[in-house]
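Since we're looking at a predicted model, the values are computed, not measured.
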Amino acid sequence: MAILGAINPVLMAGLDGDNTWHLKDYVARGGYEMLKKILAEKIPQEQVIAEVKASVLRGRGGAGFPTGLKWSFMPRSFPGDKYVVCNTDEGEPGTFKDRDIIRYNPHAVIEGMAIAAYAMGATRGYNYIHGEIWEMYKRFEEALDEARAAGFIGQNILGSGFSFELFAHHGYGAYICGEETALLESIEGKKGQPRFKPPFPASFGLYGKPTTINNTETFASIPFILKMGGENFLNLGKPNNGGTKLFSVSGHVNRPGNYEIPLGTPFSQLLEMCGGMRGGRKLKAVIPGGSSSPVVPGEVMMDCTMDYDSISKAGSMLGSGAVIVMDETVCMVKALERLSFFYYEESCGQCTPCREGTNWLYKVVHRIENGLGRPDDLDLLSSVTTNIMGRTICALGDAASMPVQSFIKHFRDEFSHHIEHKTCLVPKDVQWAGSGFHKVSA
């Protein structure tokens, strides 16, 4: 089981059994109580949204936008279909929390989406599930069948007059489809490429209809927030950083996995929950929010708390909550080469700065790692990233550029050593081998 620990658990509460994902198990934990209450008492839509706003729940997919505010953007008087879409296209390297939510607690997502649909007047929903987690897709489909048979989704839910149809949509493993408008294009059967914004999905989304897209963890949190009260959820965390969050911890720790902790928990405490550094080695660096977030030196990270504001002050982003821990055996040039290759491969090619720039970034870092670096390469990398950022339709170009900028900023001596001495600053006999991948000519 990848879920390993929690402090004040919300999403992970009661998930220590063997069959936690079945409807009967979810109902035994109090599942669908809030949906029943909302529909039976016909609680006003505005009241539901106000409670979500009070929780200060920020989007758990990476951007951290306030969920309640996002819901309020949906037009109330629109006469036709409106949609809610769950983004389970979890393709960010280092991130593996959403697949565990689908694996162990899928009905929380279903109930959260149904409540969201009620609050925004939506009639249909889709859960877009990453193409490389087929077992979780099947698990969600089975949970949908259970919910539909029990009357929690479908026509005239629980005799309330409210109808909501929900479907799972299987992606094909394209990282770009984690971008919300590329995801919508994919559901519509088109090539998964981002749209220009505006118009934004709230006014022109799926099939041209008003649409709200939230992350898996965001939707799964909704039933628990409404049950405990928005303010109580907020108080689990800290101001502007409401509630608990799942962190996917990987890398050189003794117990990698998913950990649910209150926002504002010290990073040192999270590291301790993970069993500390593997082999007792020294912490060198941390990527705190998925591969697209800037790297933070270990000594700086040890003074941080795990919340949006603290990580931002450290020069990075909380992002998806994917915490990649690196010890002293890591060659930062090799690590950046691996990351740059990923973004070079995953660029959809629509925007010239990203299509050409990610290729350029990878080739330059690749040649530095392989002893072919040139004296002006670091300035060249800085120039290329500057000319990519802010010049693309979506944020993939920025996601490729920020790691390059931060790696060079904090570990410039390693890059300079590679260029000057044609070898790594980290001794080869202690260096972490990493994983192999296809290399292109420098």
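Environment of CZ in R124: sparse, with no more than 12 heavy atoms of neighbouring residues, nucleotides or ligands closer than 6.0 Å. Within 6.0 Å of CH2 on W360 lie no more than 12 heavy atoms contributed by other residues, nucleotides or ligands. No more than 12 heavy-atom neighbours from other residues, nucleotides or ligands sit within 6.0 angstrom of NZ on K191. Sparse packing is recorded around CD of E231, with 12 or fewer heavy atoms of other residues, nucleotides or ligands lying under 6.0 Å away. When the shell of 6.0 Å around OH of Y207 is examined, it contains more than 12 heavy atoms from other residues, nucleotides or ligands.
Not one N or O on the side chain of E369 forms a donor-acceptor pair closer than 3.5 Å with the backbone of V333. For T218 (side chain) and R60 (main-chain N/O), a donor-acceptor pair under 3.5 Å exists by modelled atom type. With hydrogens and angles disregarded, a donor-acceptor distance shorter than 3.5 Å links the side chain of T386 to the backbone of S382. The backbone N or O of G59 sits nowhere less than 3.5 Å from a side-chain atom of N215 that would complete a donor-acceptor pair. Formation of a donor-acceptor pair under 3.5 Å by the S310 side chain with backbone atoms of M306 is not found in this model. In this structure a side-chain-to-backbone donor-acceptor pair under 3.5 Å is present from Q45 to Y118. Although no hydrogens or angles enter the test, the distance criterion places a donor-acceptor pair under 3.5 Å between the side chain of T20 and the main chain of Y104. Of the possible polar contacts, one joining the E90 side chain to the R99 backbone as a donor-acceptor pair under 3.5 Å is found. Counting only distance, with no hydrogens or angles, the side chain of S347 and the backbone of Y343 share no donor-acceptor pair below 3.5 Å. Listed for the S406 side chain is a donor-acceptor partner under 3.5 Å among the backbone atoms of V295.
Side-chain contact of E165 with S163: a donor-acceptor pair under 3.5 Å is absent, judged by distance alone. Side-chain contact check for T95 and S320: at least one donor-acceptor pair (N or O, by modelled atom type) lies under 3.5 Å.
The aromatic rings of Y362 and Y344 lie parallel to each other, with less than 30° between the two planes, well short of the 60° mark. The aromatic rings of F162 and F164 lie parallel to each other, their planes meeting at an angle below 30°, with 60° marking the opposite boundary. Taking the six-membered ring where tryptophan is involved, the planes of H107 and Y32 are perpendicular, since the angle between them exceeds 60° and thus also 30°.
Summarising the geometry, atom CD1 belonging to I115 is positioned 12.0 Å from atom CD1 belonging to I110; distances are rounded to the nearest 0.5 Å. The OG1 atom of T181 sits 7.5 Å away from atom CD1 of I213, with the distance rounded to the nearest 0.5 Å. Note that the CG atom of L270 and the CD1 atom of I261 stand 4.5 Å from one another [nearest 0.5 Å]. Distance check, rounded to the nearest 0.5 Å: CG of D398 to CZ of R391 gives 10.0 Å. Annotation: the span from L226 atom CG to E33 atom CD amounts to 12.5 Å, rounded to 0.5 Å. Note that CZ of F167 is 11.5 Å distant from CD1 of I187, once rounded to the nearest 0.5 Å.
The heavy-atom pair separating F411 from A285 by the smallest distance is CZ-CB, 3.7 Å. Contact record, C177 with G192: SG-CA, 4.0 Å, taken as the closest heavy-atom pair. Between R255 and M273 the shortest heavy-atom distance is NH2-O, 2.9 Å. Considering every non-hydrogen atom in both S55 and V52, the closest pair reads OG-O, 2.6 Å. In terms of heavy-atom proximity, E92 sits nearest to G290 at OE2-C, 3.3 Å. Residues P353 and T392 come closest through the heavy atom pair CB-CG2, 4.1 Å.
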Next on the checklist: Does Y172 form a side-chain hydrogen bond (donor to acceptor under 3.5 Å, both in side chains) with S186? I'd like the steps, not just the answer.
Outcome noted: CA-CA 9 Å; Y172 293 91; S186 181; over 6 Å; no

Item to check | side-chain contact (heavy atoms from CB on, under 4.5 Å) evaluation trace for I102 with I133 | outcome: CA-CA 10 Å; I102 296 298; I133 52 172; over 6 Å; no

Item to check | Chi angles and distances behind the side-chain contact (heavy atoms from CB on, under 4.5 Å) call for V404, V384 | outcome: CA-CA 10 Å; V404 174; V384 174; over 6 Å; no

Checklist entry - What's the verdict on side-chain contact (heavy atoms from CB on, under 4.5 Å) for L144 and N127, showing C-alpha distance, side-chain angles and the deciding distance? => result CA-CA 11 Å; L144 275 179; N127 186 4; over 6 Å; no

Item to check | Derivation of the ring pair (Phe, Tyr, Trp, His ring centres under 6.0 Å) call for F342 and Y175 | outcome: CA-CA 10 Å; F342 172 81; Y175 174 70; 5.0 Å; yes

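In this structure, the side chains of T88 and M136 stay at 4.5 Å or more apart for every pair of heavy atoms. Side-chain contact between L318 and D307 is absent, with no heavy atoms from C-beta onward closer than 4.5 Å. Side-chain atoms of F341 and R338, non-hydrogen and from C-beta on, do get closer than 4.5 Å to each other. Inter-residue side-chain proximity for L336 and I368 is flagged as unmet; no heavy-atom pair is nearer than 4.5 Å. Looking at heavy atoms from C-beta onward, P288 lies out of side-chain contact with M317 at the 4.5 angstrom threshold. Proximity of E111 to F152: side-chain heavy atoms (C-beta onward) are nowhere separated by under 4.5 Å. In this structure, K53 and W71 have side chains that are not in contact, with every pair of non-hydrogen atoms separated by 4.5 Å or more. Contact check for E337 versus N370: side-chain heavy atoms found under the 4.5 Å cut-off.
The side chain to side chain contact (heavy atoms under 4.5 Å, CB included) test with E260 is passed by exactly one of L15, V10, I7: V10.
Here E180 pairs with K70 in a salt bridge; the nearest charged N to carboxylate O distance falls below 4.0 Å.
Taking the side-chain hydrogen bond (donor to acceptor under 3.5 Å, both in side chains) definition, one finds that T212 meets it with nothing, sequence neighbours left out.
A side-chain hydrogen bond (donor to acceptor under 3.5 Å, both in side chains) check over residues 73-86, counting only residues at least two apart or in different chains, returns the pairs E46-R76, D81-T123.
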